[in-house]
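I have placed the structure first, in the form of structure tokens, so that the comments after it can refer back to it.
Here is the naming used below: chain letters follow the sequence lines, and residue numbers restart at 1 for every chain.
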Amino acid sequence: MTTLRPFTCDDLFRFNRVNLDPLTETYGLPFYMQYLARWPEYFQVAESPTGEIMGYIMGKAEGRVAQEEWHGHVTALSVAPEFRRLGLAAKMMSSLEQISENKNCYFVDLFVRVSNKVAVDMYKKLGYSIYRTVLEYYSGDPDEDAYDMRKALSADVKKKSIIPLPHPVRPEDIE
Amino acid sequence: MAGRGHVDVSERRLRPIYDALDANNNKKAIQEADKVLRKQKDLICAKALKAIALLRSSRRQEALLLAAEVASEEPIEEATLQALTICYREMERGDLVARIYENAVKKVPQSEEFLSHLFMAYVRLGEYKKQQQTGMALYKVAPKNPYYFWSVMSIVMQALTTEDETLSQKMFLPLAERMVEKMAKDMKIEAEAEVRLYLIILEKQKKYEEALEVVVGPLGSKLISEIELQSLMQAEMYVQLEDWPKANAKYRKLLLTNPDNWLWYIHYFTSLFHLVDSGWTPSEADEGSSADVVTGTVDMAIAFVEERVADELKNGKRLQRGPFLARMELLKRLTERGNQEAADKIGSPADLLKEYFGKFGDKPCCFMDMRPYLTMLKLDDNAKFVEELQTYIEIPEKAGELGLPSDVKTMQRHICCVGLARSLGLQEHLTGEKRDELIQDLMRRHQHGLQFGTDLLPTDVQPSDSYILMAVHIKYAEYLKTKKLSLLFEVIVMLEKGVACSPSNAQYKLILIKLYILLGAFQPCKKLYDNMEVKHIQQDTLGYFYSCYAVALGHLTPACSILSSMLKFFSANHKDTTEYIIAAYKYGSFHKIPEIISFRERLNLSHNYSSLAVERMLLDFIMETTNPEQMRELLDYMEISPEKDEIKWDLLKDNRDLTVLSSWEPEERELTDQQIAWSFCQEKQWLRLRSLILRSLAAVILISQPAPMDGEHSLSHNQDDSKNGESMDGHGNTLLSLIQEMNTHVQDVECQPSTVTENMDLLCGPVPTRMKVYLDGQHHILLTSIFQVAVDVHSLGTNDLNQSQELQEKIARNFDCILKTFEYVLDSMDTPIASPGSPPEVYPQVLQGLVLLVETLCLMTLVISQCQVMLKPIKASLTKKKRKKKTPTNIVPQVFDDYKMFVESLVQFGEKLHKCLLEVDIVITEVDVSTLEISPAPEHAKREDISAETVWKKVKDSYQISAGEMAEVLKQKLQFLRTVRL
């Protein structure tokens, strides 16, 4: 049972159960503010009946329309440990895809740590495929590669956007 | 062509200045600017850039003057304006940015660019009226829709911020509405943002009919950014209009598309009961199969919810919790309304809960889902209920031994059962033996359950972690009753073992921090806290676990860096968020603008912010000053004005996240809103006391050293009170009233009933402030007395010394009072921090007392050093007079002797205190925790590397650091004290 609604500034005061997860980054205020000010519809929060924040998704629309690169991007997706295995991530992803469809995006993409097998498998189940590998995308000790995963939307009739690249790319080569 | 060439030349000449600024080489930037200005005096952009470099070299005053010189020429070149903007923004003088663009617009009224800069400058300042005018001016220059709606939004902001509700309703909102209506009539509305702004305006005037028309009309079709936005807004309007049949139908329809949305169910039920109460009956029109059918009777609603349940079961996909929870919610509401007949149609609460458990018991959230409905069970049924749940678990029992689960789902169900049993109070009356058995069993199950998490990443929490947390709750509740130290150690050992198995579990770490603090040990918390990477806004919401204890427990060096890193977050907030208010205008996210503004306000008014700032300044005075002049410099730097209370007490926000810890506690041990409110009230009382101390100290410094130093702060002082004498008396009076205020405040605190604070040691609740230790230690008496001495010494300087007998006696009495109080406090602190007996005991409050005593002695040193500054000239003038008259009189005013005696006694006390601190080391090394009666860990769960001994070692190390740091700062202040003789 979930209420999916737009994320508001005040939710930042209450998202600790989600963000204390070590793989969920807590960003500086400008990061969240930028998304709230520019793509408020892409920042959604799932709330439990008792008012706890179960998880949230943060995304944006970007890319040039002319090159058929106009797409939805998933910046962050996280679910608190006690609300996992309820299909929440899938719901939030589907909502983001729907919003991107409404905006006539060609595809939705996201980056995920190659080691995060659970997440990669989940995205595959949701219809995403690995478009390319981005080398040393995540800084850390050591740096870690990312998969750039994509799912074509209905605007991309021929599914051109998801034809995998044969070679990995460097972070500086991605737009 | 010539003009163009000129620009290029200038650009080329300016380049080295830009480069130097980019490279953070401010000195070079200044040199380069001077070079350019020697060649070309009128190149004012170079001056503006030089101002930036000066500012960044901490030459603020010069920068301000130079920038003002540039601004006075009213420049219109882009580069100059940009440089000035940067300079003023770094000075946090947004008002001056607005001035330069006002001037530019005066010169070039048709410039879209200048006007748009001016608009944004006003946004930064929150000057809504000027925003409105500038937006319209922009629209006239360049008739683009966004500009028009910037202006409309600026009117809305005036409506939202004015305190005059009539003005808002009668003038601003109608004006904004007319402006949008005009665009609507002319068919000029283009964007969704514009429609949403229209709706905001109508809703703020409660014109829901009109808003509904917009939503369902042609403009409503623009509402597409969020899913189902148009339908949702329509439904919300029906609720606002209390059009319950339509609201009911609408939410019913929405639920058909998504039967898992909680908010929709709530609205659906609310509308239902309004209809029931108004005696609604279905008419024939409602009977049809139309999509807008109203289900306004209890029977219809039950049928609807049962249908959702049935559909969900038919669905075949993963079950959603929504319909099942909604059914329980409906049952609960019917029961609360006393409609037992209808409730019975749904079923018995126990059956529904059991069914829910059967379907979702393997989900970690099952306990939380069920908890709100447990109150429906009858008390005597509770044990039977949980017993029956156990039958769902099907753990095979081996002969004579409790069965252990064979998979993670079974284990999860068991965890849920234990949680329910605790929440229902079934564990409350266990005998000691049974309780220990239960704890042992939970620990064993945790260990056993680790096998289900072997594939997980180290960043995942282990599914069996809840067992330890529940065991911790049980044991901690026992500790609360008995206060037996061994129990506290056992809980910490359990949690430390938990962290070793599940290094990402933040619940473990937060509780550990809390318990170590309870033991007075700050050191282990640092690692735990850093490890969770608590940062940015979390410092406001979670900092309460940790930040104030570095000071309270005497870890002063880490305290400095902790406080300053947290303060950085708060001080950057204004700038950080304001940029995105501008972004919201640019991208047309009008509905987010008031939200971001109140967010900025909520952070700015955070109690934590004020509290950290005050503690930081007190700490700086204690740590950083070794002579009176330094104190004056520090004060100027801090910009404290003692006569002005900067804290907006009534508006302070409690931003602590007190929901972060999981709890399975029965209702009577749940943290209540009242307890949270009380805890916040106590935090504010403590902050008020601390802020009064700080302001009093500031007042003391200003009465003894009234001559202004450099810096804007003292400049403004100089302007405000042109006569120094006046300002000195002003500060003296301020100090008097601050002392008065402190006395009244302490009286108020002492008078409040203590009952409310009793239940404040819940595992999931906030920790009380240091107020009790403070008052018990008589620190308020010590400080108000010394502040009074400062007031009286100051009066000595302005009165005739020969006629000041009374004043001198008063000073002597206060000296006496301080010394006696000190003696009493020090004597009453004869309890050592630990008693090494068998079993040993530790008394963490002793540490807090010592820390406060050191702090008070340091503050007293600072105040007395200022007294010396005031007494010195009096003594000198006396000596001079004596020499002139050449008739040696033996009458040396008593006050000099008293002062001398007082300082000497203070030094002696300090030395005694220093000795006390050194003794901490000796006492704690004698403590042997192996004599604590620790219940044995189960054989298979033993980890020899974590034991009461290893925990004690951490605590001991932390005490040593506390004592060491205290001794160090005390030593430094004693040296200072020895230099303030007359």
When K363(B), M532(B), E533(B) are compared by non-hydrogen pairs under 4.5 Å with chain A, the top option: K363(B)

Pair E226(B)-I99(A), side-chain contact (heavy atoms from CB on, under 4.5 Å): steps then yes or no: CA-CA 7 Å; E226(B) 289 165 32; I99(A) 291 165; 5.7 Å; no

Close side-chain approach of E47(A) and W262(B), heavy atoms under 4.5 Å: no

From NE2 (H574(B)) to CG (L29(A)), nearest 0.5 Å: 13.0 Å

Under 4.5 Å from any heavy atom of chain A - which part of E579(B): neither

Options H536(B), K575(B), H591(B), ranked by heavy-atom pairs under 4.5 Å with chain A, top entry: H536(B)

A37(A) to A584(B) - nearest heavy-atom pair and separation: CB-N, 3.8 Å

Toward chain A, the part of A506(B) with a non-hydrogen atom under 4.5 Å: side chain

Top of L542(B), I224(B), L457(B) for chain A proximity - count of heavy-atom pairs under 4.5 angstrom: L542(B)

Aromatic ring proximity F13(A)/F599(B), centre distance under 6.0 Å: yes

Separation between CG of L4(A) and CD of E228(B), rounded to the nearest 0.5 Å: 12.0 Å

Which atoms of F569(B) approach chain A - backbone, side chain, both or neither, heavy atom under 4.5 Å: side chain

Donor-acceptor under 3.5 Å (T3(A) side chain, L263(B) main chain): yes

Which portion of N258(B) sits near chain A, non-hydrogen atoms under 4.5 angstrom: neither

Side chain to side chain, E41(A) and I227(B), heavy atoms closer than 4.5 Å: no

Top contributor to chain B interface from L20(A), N16(A), L12(A), N116(A) [non-hydrogen pairs under 4.5 Å]: N16(A)

Partner chain B: residue of D21(A), T50(A), N19(A), D10(A) with the largest heavy-atom pair count (under 4.5 Å): D10(A)

Validation row: M33(A), K592(B) side chains within 4.5 angstrom (heavy atoms): no

K117(A) atom NZ: more than 12 heavy-atom contacts under 6.0 Å: no

Most contacts with chain B, counted as non-hydrogen pairs under 4.5 angstrom, among E82(A), R38(A), R5(A): R38(A)

Any donor-acceptor pair under 3.5 Å from R17(A) side chain to L661(B) backbone: yes

Nearest-0.5 Å distance that lies between atom CZ in R321(B) and atom OG in S48(A): 7.5 Å

CA sep, side-chain torsions, deciding dist, call: K91(A), D260(B), side-chain contact (heavy atoms from CB on, under 4.5 Å): CA-CA 11 Å; K91(A) 271 187 194 158; D260(B) 197 41; 2.4 Å; yes

D673(B) atom CG, neighbour heavy-atom count above 12 within 6.0 Å: no

Portion of S662(B) that has a non-hydrogen atom of chain A nearer than 4.5 angstrom: both

Residue part contacting chain A, namely of V461(B), when any heavy atom lies under 4.5 Å: side chain

Most contacts with chain A, counted as non-hydrogen pairs under 4.5 angstrom, among P458(B), S598(B), P364(B), A583(B): P364(B)

Value rounded to 0.5 Å, distance of CZ in R85(A) from CG in D362(B): 5.5 Å

Region of Q507(B) in contact with chain A, defined by heavy-atom distances below 4.5 Å: side chain

Heavy-atom neighbours of K535(B) NZ exceed 12 at 6.0 Å: yes

Approximate separation, where rounding is to 0.5 Å, of F15(A) CZ and I537(B) CD1: 6.5 Å

From R14(A) atom CZ to T659(B) atom OG1, the distance as rounded to the nearest 0.5 Å: 7.5 Å

Contacting moiety of T459(B), where chain A heavy atoms sit under 4.5 Å: both

Sub-4.5 Å side-chain heavy-atom contact between P30(A) and Y580(B): yes

More than 12 heavy atoms of other groups within 6.0 Å of D407(B) CG: yes

Among the listed options A80(A), G87(A), A46(A), P22(A), the residue most often paired with chain B at heavy-atom distances under 4.5 Å: P22(A)

Between Q538(B) and T26(A), a side-chain donor and acceptor under 3.5 Å: yes

Proximal component of I593(B), with respect to chain A [non-hydrogen, under 4.5 Å]: neither

